[in-house]
Chemist: 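First, the structure itself, so that you have it in front of you.
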Amino acid sequence: MFNYLWLEGEFPVIISEKRATRPHLHGKRKISCPFCPGNEDLTPNEVLRRTAPDGSWYVRVVPNAYPFVRPDNPDAYGYHEVVVETSEHNKAFHELSAGHIAEVIEVWGEREYYMYGDKKIKYVSIFKNHGAGAGASIPHAHSQIAGIPFVPPRVKYRLENYPPSQAIHIFSGEYWSVAAPKTPRFAYEVHIYPQVSINHLYEMKYRHRFELAQILKGILQRVSEVVDAYNVVVFTSPQEGNIPVHFEVCPRKNKHAGFELGTGAYVVPVSPETTAKFYDVDVVFRNVL
Ligand SMILES: [Zn+2]
């Protein structure tokens with residue numbers, strides 16, 4: 001079965017039994033990694049690559065081999081792609097250079113632009129799962145881009161309510177500011193907001209991407225000191241309507257359990273004030289600049 005439905009008129013549910021057949025490579029031998037150089041034929045035909053002067057690739061984009069939406073399925077229409085962020089199997093996203101991360105952000109924007117060219121695509125979701133505790137099935141650094149045929153509830157809400165909640169300002173660069181939301185769902189959750197008018201990743205200039213990359217690298221390095229799994233979620237403007245591009249970093253330290261499932265309420269063991277102190281600007285940027 002391959003379809004999407006709305007649960008209780010509120011949450012979309014995409015049924016994708018093929019997802020259950022994905023290989024899980026954590027702790028397995030490197031040779032089976034489909035994202036490593038030499039194994040390119042293990043992925044569907046790539047749609048984009050960034051190449052070094054010696055001809056080797058350092059970023060690739062391929063269709064997801066286990067998509068939950070696809071262009072040839074009218075019942076679950078869309079695009080589901082994987083961005084292989086580096087050719088190095090054991091290098092985490094936050095260990096890449098800021099310049100490299102800035103290129104990954106640029107690639108996200110290129111695919112976002114492509115998907116919004118299809119008017120049936122109503123929203124492009126860009127997200128990164130790092131570590132098995134964050135939902136990653138393959139340890140090799142990658143992110144995902146899903147162009148879907150509906151505007152999800154959280155994005156609809158953001159269209160009316162931006163920024164999403166009161167937040168404690170932590171620090172600002174020239175183009176971006178970092179804040180601890182007053183209503184986090186995860187311990188040490190932080191959000192990154194633009195201070196200039198940017199509604200899509202593809203609208204960013206190099207200077208915007210580079211500063212954002214420095215901030216992401218610094219924050220995620222700090223996160224990796226306390227937990228080995230995190231998600232980065234990108235909010236972009238849907239096909240219709242505008243919201244500023246912004247980012248949520250969700251360290252996966254506390255588990256959502258029965259109370260959260262039964263109520264939609266979250267118990268979070270770290271206060272926003274503690275989170276703000278945790279991302280002290282001198283600590284975050286000690287290994288970045
Ligand atoms: Zn690999």
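All ligand and atom numbering here is 1-based and tracks the order in the structure. One is the number of the first residue; the rest follow in order along the sequence.
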Chemist: Can you tell me the N, O or S atom of His140 that's nearest the Zn ion (ligand 1)?
Modeler: ND1
Chemist: Both conditions, 6.0 Å and 45 degrees, for the charged tip of Lys120 above the ring of Tyr77: are they met here?
Modeler: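 Here Lys120 passes the 6.0 Å and 45° test against Tyr77.
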Chemist: Quick one: salt bridge (charged side-chain N to carboxylate O under 4.0 Å, His left out) pairs with a partner in residues 267-278, sequence neighbours left out?
Modeler: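 Output for this query is empty, none listed.
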Chemist: How wide is the angle at the Zn ion (ligand 1) between SG of Cys33 and SG of Cys36, to the nearest 10°?
Modeler: 120°
Chemist: For the residue pair Arg111 and Tyr114, would you count it as a cation-pi contact if the rule is NZ or CZ under 6.0 angstrom from the ring centre and within 45 degrees of the ring axis?
Modeler: yes
Chemist: Taking salt bridge (charged side-chain N to carboxylate O under 4.0 Å, His left out) as the cut-off, I'd like each qualifying pair that reaches into residues 188-207, sequence neighbours left out, listed once.
Modeler: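 Passing the test, one end in residues 188-207: Arg185-Glu189.
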Chemist: Find, among atoms of His89 that are N, O or S, the one nearest to the Zn ion (ligand 1), and state its name.
Modeler: ND1
